[in-house]
Protein chains: 2
Amino acid sequence: MDDLNVINALRLLQSAEELRARLAGEFSSVHGISVNEFFLLMQLRNAPKQRLSRTELAKRMHVSASTVTRMVAPMEKIGMVDRMIDDRDARLAFVVLTSAGQDRLSEALATFAKQAGYAFQDRWTDAEMKQFSALLFRLVAGTPANLT
Amino acid sequence: MDDLNVINALRLLQSAEELRARLAGEFSSVHGISVNEFFLLMQLRNAPKQRLSRTELAKRMHVSASTVTRMVAPMEKIGMVDRMIDDRDARLAFVVLTSAGQDRLSEALATFAKQAGYAFQDRWTDAEMKQFSALLFRLVAGTPANLT
DNA sequence: GCATAATGCTTGCATATGCAAGGAATATGC
DNA sequence: GCATATTCCTTGCATATGCAAGCATTATGC
């Protein structure tokens, strides 16, 4: 295990899982959403017109189309998102972020920022934060899923 | 979203998910194991005597104890791991890595190294790989789950 | 020593997810 | 224009996972 590629991949996956586990706990207890629901809302917020097709959401979130269908149903029921059929193509059922959904997302983002702070605070300097940001940008840049 | 903590946390989570999705595909088709099974084998390989209790595995893998129970059952059936009851404490049921499990893990590690190469190759210099490694080490250092 | 608490594991139930099939709408080849 | 293919979404089934309860074993308080 002296391969730096392997070491970095393992550390990347493990630190991400740690952070995700922490987020899951607070998202669930404080905001009543899952981490995946948070990411779904984030994708919508960053999309033009705050909307995306289910297929596009599936690709960006690395889940199947059926998962998106089933994730969206309860979110639609409580008004965080809306359904909107395309005028030209009746197959497309856009998922649209509602104002209630934006509010919920803003609250969750505060928790996200707090946890992100815990994760990096007192471990990295400002300069290192920028280094890390630049390095990771090369991994996520160009993917349509990139939220940053 | 000008908070560098938030940006870095998002990029960390997203790049990890991308890598994990790629690994899942090849692990499943080539080696017949899931990413989580791979990590379970990795934890055993790094443990003293190549064995851990189910509770310890659950903590390190950020899953519930029942998940470990259910993950281990089929792996035991095909001989990748063994069960071993502790002499002093009959509650403890260690999961032990077998030689067949080591072989399977070695093959999967080759795939892992290949995918890790794809992820970082042509994006980062050697110096940057070392920088990244050092930064991430501070995140995972000290956790018993750390595989590196 | 014994009653109670704590620990380690398993199991029933509920939820989450992927795959494959199906239905509806649109695109393509001719 | 029409038959066929493709695309988008949904649904049935199988698997994966967490939580809470239960069981067996060990630790603790007195």
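Proteins get letters first, then strands, A, B, ... in listed order; numbering begins at 1 in each. As a basis for the values below, the full set of heavy atoms in this structure was taken, side chains included, without hydrogen atoms, waters or symmetry mates.
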Colleague: Is the shortest side-chain N to carboxylate O distance from A:Glu128 to A:Arg123 below 4.0 Å?
Modeller: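 Judged by the 4.0 Å cut-off on N to carboxylate O distance, A:Glu128 and A:Arg123 do not form a salt bridge.
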Colleague: Report yes if the side chains of B:Val95 and B:Arg51 come closer than 4.5 Å at any heavy-atom pair, otherwise no.
Modeller: no
Colleague: Taking side chain as C-beta onward, heavy atoms only, is A:Leu23 less than 4.5 Å from B:Leu13?
Modeller: yes
Colleague: What residues in residues 70-80 of chain A put a non-hydrogen atom under 4.0 Å from any atom of DNA chain C?
Modeller: A:Arg70, A:Met71
Colleague: Would you please classify the geometry between the B:Phe132 ring and the B:Trp124 ring as parallel, tilted or perpendicular, with 30° and 60° separating the classes?
Modeller: tilted
Colleague: Salt bridge check, B:Arg22 against B:Glu26: does any charged N sit closer than 4.0 Å to a carboxylate O?
Modeller: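 The answer is no: the pair does not qualify as a salt bridge.
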Colleague: Dump the intermediate steps for side chain to side chain contact (heavy atoms under 4.5 Å, CB included) on A:Met129 and A:Thr125, then the final yes or no.
Modeller: CA-CA 6 Å; A:Met129 285 294 285; A:Thr125 66; over 6 Å; no
Colleague: Is it the case that B:Asn146 and B:Thr148 place a side-chain donor and acceptor less than 3.5 Å from each other?
Modeller: yes
Colleague: Please list, by residue number, the residues of residues 85-97 of chain B whose heavy atoms come closer than 4.0 Å to an atom of DNA chain D; answer none if no residue qualifies.
Modeller: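 Residues of residues 85-97 of chain B that come under 4.0 Å of DNA chain D are, in numerical order, B:Arg88, B:Asp89, B:Ala90, B:Arg91.
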Colleague: Can you give me the first and the last nucleotide of DNA chain D (5' to 3') that has an atom within less than 4.0 angstrom of a non-hydrogen atom in chain B?
Modeller: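 On DNA chain D, the outermost contacted nucleotides are D:dT17 to D:dT26.
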Colleague: Parallel, tilted or perpendicular for B:Phe27 and B:Phe38, by the 30°/60° rule?
Modeller: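 Rings of B:Phe27 and B:Phe38: tilted, as their planes differ by 30° to 60°.
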Colleague: Between B:Arg88 and B:Asp86, does any NZ, NE, NH1 or NH2 come within less than 4.0 Å of an OD or OE carboxylate oxygen?
Modeller: no
Colleague: Between the side chains of A:Ser66 and A:Thr69, is a donor N or O closer than 3.5 angstrom to an acceptor N or O?
Modeller: no
Colleague: Determine, using the 4.5 Å side-chain heavy-atom cutoff (strictly less than), whether A:Leu57 and A:Ile78 are members of one ILVMFWY cluster.
Modeller: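 In one cluster: yes.
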Colleague: Starting from the 5' end of DNA chain D, give me the residue, A:Val68 or B:Thr67, whose nearest nucleotide shows up first.
Modeller: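 It is A:Val68 whose nearest nucleotide is closer to the 5' end.
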Colleague: For the helix from C:dG1-D:dC30 to C:dC30-D:dG1, what angle lies between the axis at the first five pairs and the axis at the last five pairs, to 10 degrees?
Modeller: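 Here the helix ends are tilted 30° relative to one another.
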Colleague: Taking DNA chain D as the partner, which of residues 13-39 of chain A come within under 4.0 angstrom of it by heavy atom?
Modeller: none
Colleague: Grouping I, L, V, M, F, W and Y whenever their side-chain heavy atoms are under 4.5 Å apart, do B:Val81 and B:Leu147 come out in a common cluster?
Modeller: yes
Colleague: Which of residues 49-63 of chain B have a heavy atom under 4.0 Å from DNA chain D?
Modeller: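 Result for residues 49-63 of chain B: B:His62, B:Val63, sorted by number.
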Colleague: Could you walk me through whether A:Gln131 and A:Leu136 satisfy the side chain to side chain contact (heavy atoms under 4.5 Å, CB included) test, starting with their C-alpha distance in whole Å, then the side-chain angles of each, then the deciding distance to 0.1 Å, before giving a yes or no?
Modeller: CA-CA 9 Å; A:Gln131 269 181 5; A:Leu136 277 190; over 6 Å; no
Colleague: Taking atom CE of A:Met71 and atom CZ of A:Phe39, what is their separation to the nearest 0.5 Å?
Modeller: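 A:Met71 atom CE to A:Phe39 atom CZ measures 11.0 Å (nearest 0.5 Å).
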Colleague: Answer yes when A:Glu56 and A:Arg60 have at least one side-chain N-carboxylate O distance shorter than 4.0 Å, and no when they do not.
Modeller: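 Result for this pair is yes, salt bridge flagged.
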Colleague: If two hydrophobic side chains count as joined below 4.5 Å and joins carry through other members, does B:Met42 share a cluster with B:Phe94?
Modeller: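 In one cluster with B:Met42: B:Phe94, no.
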Colleague: Using the rule that Ile, Leu, Val, Met, Phe, Trp and Tyr join whenever any side-chain heavy atoms are under 4.5 Å apart, tell me whether B:Met61 and B:Val96 fall into a single cluster.
Modeller: no
